[in-house]
Visitor: 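Supplied in structure tokens, the structure appears directly below.
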Amino acid sequence: MPKLGVNIDHVATLRQARGGILIDPVEAATVCERAGVDSIVAHLREDRRHIQDRDIKLLIGKIKTKFNLEMSIAPAIIQIACNLRPDQVTLVPERRKELTTEGGLNVAANLKAVTAAVKTIEDCGIKVSLFIDPDQRQIAAAGKCGVKIIELHTGRYAIAEKPAQKEKFLYQLKRSVGYAQDLGLVVNAGHGLDYENVKPVAAIKGINELNIGYSIICRAIYSGLFKAVQEMKELTR
Ligand code: PXP
């Protein structure tokens with residue numbers, strides 16, 4: 001059974017919509033831990049659209065499981081990671097206008113820069129994972145960078161609509177897991193996984209951890225909305 005890491009970025013998205021104190025990703029992280037997650041994930045984006053520096057500081061102090069900081073290889077962000085020392089950093093690509101992390105890091109094309117970033121972060125005593133597409137070229141490049149952990153981007157599998165396409169991308173994931181394991185890498189996976197599509201990925205032998213965010217936060221709203229309305233009705237009666 002793979003471990004489960006929960007990404008709490010979209011709790012911060014809700015907080016940023018009003019900037020208020022009614023919702024806090026740090027509090028949400030403690031709820032996730034009480035529910036039995038194996039790690040908490042948050043992405044400190046360069047544009048700070050959801051998670052803020054303050055959140056990272058508080059999360060590192062509060063999380064009892066494992067804190068996995070997603071981030072780009074921008075020097076200013078690497079400096080923050082080295083100062084704050086999360087348990088793990090996952091390096092991801094970042095584009096200003098994207099709605100979410102659209103693809104994996106192109107390690108093969110940026111071998112020198114990624115290798116240097118990995119070394120700087122590991123020298124600070126932080127484990128490093130690379131978020132990459134399930135593609136042999138990228139996995140081989142990750143191996144060359146000296147990392148011990150990768151996370152395979154499951155987005156193409158998740159959004160495929162036709163069953164044959166979904167099967168094809170699932171097969172690609174399975175082959176990639178095997179290939180990465182042969183290189184001695186720990187293999188995680190995530191992106192776009194939800195309550196409908198997660199089972200076949202969770203069943204792939206050799207996946208260490210699944211990282212899931214958006215679908216869990218969406219489900220939390222539906223599973224809590226009924227009670228939230230009833231409580232307000234009670235107060236306003
Ligand atoms: N893993 C990584 C590296 C990500 O960037 C994200 C999205 O922030 C996730 C997992 C979770 O993706 P989702 O929110 O679609 O479940």
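When reading the values below, keep in mind they use all heavy atoms of this one structure, side chains included, and skip hydrogens, waters and symmetry mates. First listed ligand is number 1; within each ligand, the first listed atom is number 1.
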Visitor: Would you say ligand 1 has an N or O under 3.5 Å from any N or O of Asn211?
Guide: no
Visitor: Regarding Thr90 and Asn68, is there a side-chain donor-to-acceptor distance under 3.5 Å anywhere?
Guide: yes
Visitor: Hey, does Phe131 come in under 3.5 Å of ligand 1, counting only N/O atoms on both sides?
Guide: no
Visitor: Keeping to residues at least two apart or across chains, list the ring pair (Phe, Tyr, Trp, His ring centres under 6.0 Å) pairs with something in residues 197-237.
Guide: His10-Tyr214
Visitor: For ligand 1, which atoms sit closer than 4.0 Å to a heavy atom of Val92?
Guide: 3 (C)
Visitor: Is the closest heavy atom of Gly192 to ligand 1 under 4.0 Å?
Guide: yes
Visitor: Could you verify whether a donor N or O on one side chain and an acceptor N or O on the other, from Glu151 and His191, lie under 3.5 Å apart?
Guide: no
Visitor: Answer yes or no: does an N/O atom from Asn7 fall short of 3.5 Å to an N/O atom of ligand 1?
Guide: yes
Visitor: Give yes if a backbone or side-chain nitrogen or oxygen of Gly213 is under 3.5 Å from a nitrogen or oxygen of ligand 1, and no if not.
Guide: yes
Visitor: For ligand 1, which atoms sit closer than 4.0 Å to a heavy atom of Tyr214?
Guide: 13 (P), 14 (O), 16 (O)
Visitor: Taking side-chain hydrogen bond (donor to acceptor under 3.5 Å, both in side chains) as the test, write out the residues that go with Glu161, two or more places apart.
Guide: none
Visitor: Against Ile149, only a single residue in Val128, Val89, Val186, Leu130 fulfils side-chain contact (heavy atoms from CB on, under 4.5 Å); can you say which?
Guide: Val186
Visitor: Can you find a side-chain donor-acceptor pair between Gln136 and Ser176 that sits under 3.5 Å?
Guide: no
Visitor: Nearest non-hydrogen contact with atom 10 (C) of ligand 1 belongs to which option: Glu151, Glu209, Arg45, His43?
Guide: Glu151
Visitor: Does Glu70 reach ligand 1 with a nitrogen or oxygen that is under 3.5 Å from one of the ligand's nitrogen or oxygen atoms?
Guide: yes
Visitor: Would you say the side-chain atoms of Asn211 and Asn7 include a donor-acceptor pair closer than 3.5 Å?
Guide: no
